[in-house]
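Nothing here was measured: the structure is a model prediction, and the numbers come from that model. Below, read A as the first sequence line, B as the second, and so on, with proteins coming before strands; counting in each chain starts at 1.
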Amino acid sequence: MNGLKQFVDEVRDLLKKSGVEEPKTVFPKDPRFGDLSSPSAFDIAKKTGNPPVQEARALAARMSGEKLRYVEKIEVADPGYLNFYANWKTLAVEILSEAVERGPRYGEIDIGKGRYVLVEHTSVNPNKALHIGHARNVCLGDSIARLLTKTSHKVAVANYIDDSGVQMAEILLAFTHLGYSINPPEGEKFDQYCGRIYAEVSKKIESNPELENLKRKIAADLENYESQVYRFNAEVVDRVLREQLKTCWRLGARYDVLNKESDVLFFDLWDDVFKSLREENAVYFVDSGPKKGCWMFDLRGHPKLSKEGDEVLVKSDGSTTYVARDLGYAAWKLGLLNRDFKYRMFGVNPDNTPVYITDRKGHETKQFGSASYTINVVDVRQRRPQEIVRYALEKLGADPSRYIHYAYEVVSLSRADAEKLNVPVEEASFVHMSGRGGIYVNVDPLLDYIKAKAIEGARQRHPDWSSEKTEYVGEQIAVAALRYFLVRADPDKMIVFDSSEAADIEGDTGPYIMYAYARATRILEKSDTSPDPRRTPEKLEAQEIELLRKISILPMVYEEAVKTLSVKRVVTYLRELAFVFNDFYETCPVLSAADDTKVFRLAMVEAFRSAMSSAAQVVGIPLVEEM
RNA sequence: GGGCCCGUAGCGCAGAAUGGACAGCGCAUCGGCCUUCGGAGCCGGAGGUCGUGGGUUCAAGUCCCACCGGGCCCGCCA
């Protein structure tokens, strides 16, 4: 097992044996304060009234007789810290051996114990192409799924396809009544084409009551499974969806199941839920007033939502609202229903795993529901409906902590990018995107733009490369740059998208990570001897210790990241790891070193590659051997 | 009106799950480093009332309260 963790455990044991009930430890920012520091003497001093330094000295004295494997030295520092120094010579052998041996699987931990988690992400309406806001969802969701997989969870990824709303009616209207061709102009992707005409049609409908009526009629027909409109819609949805998935796959995402909203209706997931809610008296029927004829969800018992009024679940015409459908779907996810979908195969992920889609005429039965818990990657604007669903699940007897809304802030456009789209910005420093308003930056053209920039760089560096190779590396760089850009920020913070910033491939970016890896690869490639982690030098350089420290901390990073569902934590790790490697690279020559040092440093480089490929896998940053 | 989120250097961000020692990184800017493992890199300089004011604490960017500024949500839309 991992060396540094054992050092930490040894320190904590020591503190306990010396009489500290709940030891506090922290990794100091400055190596002057040792490798692990404890302020526990402050706690004791508080009780005894003695100066903290005195208590720290007493603790240190009690530790002095212990036989220690990983702790080399203990120091007392003003005003009362205990600083522990690790025996890096011993640790190095253990850390490097494990990292070298495990390769990209280095750092994996068994915290999940095989529990089944259903992660839902993407869920873009099937009437348009993905824009960068959707890409934030995809990259976060995909990384969460990867993180859970890394930490011994069984993961399935679902994508909710909202194929029965008015947004579909609008685009169908364009094809059936406004003379738009069902085929896009040469060179335009079908999803991008739909997104474009969706914005155009929305504008027309706004100023035309006749079209508004037509739209309503089409929307109503969408729920009639025998209608022509339903069949036509299914074709359009299928076509857009296939184009959307190409973009998602390009970003490195994968899916197990596509759940269509029309099938949530068809398989009647809502019915069981509605029955239970009535039995629990959690819903009531309205006899009079503006909401006459509706079934409402009672929110009076909710600490916050009670102040905003109850929620309509069944409309007066008997149809369900979006929240009701989502609740039925959520209940299915957690296995609260006696009903299930039927499926058919939809396609194959780039990793060759199958993608299933719900289908009312499907022949396949699958177990995608009934998860231990579910994570829904949905933007912050849906906090209220998500909370209503969670609260309703609690009313249905489920543990509400099993339903996790992974909220993230939206992506908006910078002044410069908005102006490029001829959007008036006035005083604002950013502009919100809007599919309907035609204000958005799509993912594919953006990736192409970054790729072109990367290819230009690759051509200069490697004039001898084939165009296929240049093309391939350019694509990987573009994906790395975009993914890194979208997940390095805190999910609670709005990203103001600026294309020049997103296309940056220097500094704190995805390609920086890739570059460190490529450098490391070059060293191993040029070496004529094998790495040997056991040949530890008597004296380690400071940069070697920093690199060792960073490599060894990876399992703890995963633990922290999965507990807090923080993708950013792993991104930060990648940056720091690349940074300390570059420092090592500058100061510790490998190939020209004496034999003993050389084989040890080769092991360092190899271990670095293990840690890096493991963590890059989680964030979905593709690595290449040369760039 | 009610609820939620954000505010750290000119700009973009770490540091916020567990309060710990002088608050870090990138971009931009100024100055260095290629006869030595890849300069998409590295080193150094300059740049900070951690929104403001209180409070808790031996210790607060981190916890609590108030306020200011910005954003979002509160529809028989999804």
Checklist entry - Knowing that exactly one of A/Glu544, A/Glu606, A/Glu541 qualifies, which makes a side-chain hydrogen bond (donor to acceptor under 3.5 Å, both in side chains) with A/Arg601? => result A/Glu544

Taking atom [atom1] in both [N] and [M], compute the distance separating them and give it to the nearest angstrom.
N: B/G20; M: B/A46; atom1: P; value: 27 Å
N: B/U62; M: B/U52; atom1: P; value: 11 Å
N: B/G54; M: B/G44; atom1: P; value: 37 Å
N: B/C5; M: B/A9; atom1: P; value: 22 Å
N: B/U8; M: B/G53; atom1: P; value: 16 Å
N: B/A17; M: B/C34; atom1: C1'; value: 45 Å
N: B/A14; M: B/C63; atom1: P; value: 15 Å
N: B/U35; M: B/A28; atom1: P; value: 25 Å

Next on the checklist: By the 4.0 Å heavy-atom rule, please label A/Arg488 as base, sugar-phosphate, or nothing.
Outcome noted: sugar-phosphate

Next on the checklist: Base, sugar-phosphate or nothing for A/Arg32? Non-hydrogen atoms, less than 4.0 Å.
Outcome noted: base

So, is [X] close to the [N] phosphate, meaning a side-chain N or O under 4.0 Å from OP1 or OP2?
X: A/Lys24; N: B/A59; value: no
X: A/Asn582; N: B/G41; value: no
X: A/Lys315; N: B/C77; value: yes
X: A/Tyr484; N: B/G26; value: no
X: A/Lys453; N: B/A40; value: no
X: A/Lys493; N: B/G7; value: yes

Checklist entry - So do the side chains of A/Phe581 and A/Arg519 get within less than 4.5 Å of each other, counting heavy atoms only? => result yes

Checklist entry - So do the side chains of A/Ile513 and A/Tyr515 get within less than 4.5 Å of each other, counting heavy atoms only? => result no

Checklist entry - Does the ring of A/Tyr81 lie flat against the base of B/A21, closer than 5.5 Å centre to centre with planes under 30°? => result yes

Checklist outcome for this item: Judged by nearest nucleotide, the residue sitting upstream toward the 5' end of RNA chain B, A/Tyr322 or A/Ser40, is A/Ser40

Item to check | base_contact_polar (B/C76 base, A/Ser316 side chain, donor-acceptor, <3.5 Å) | outcome: yes

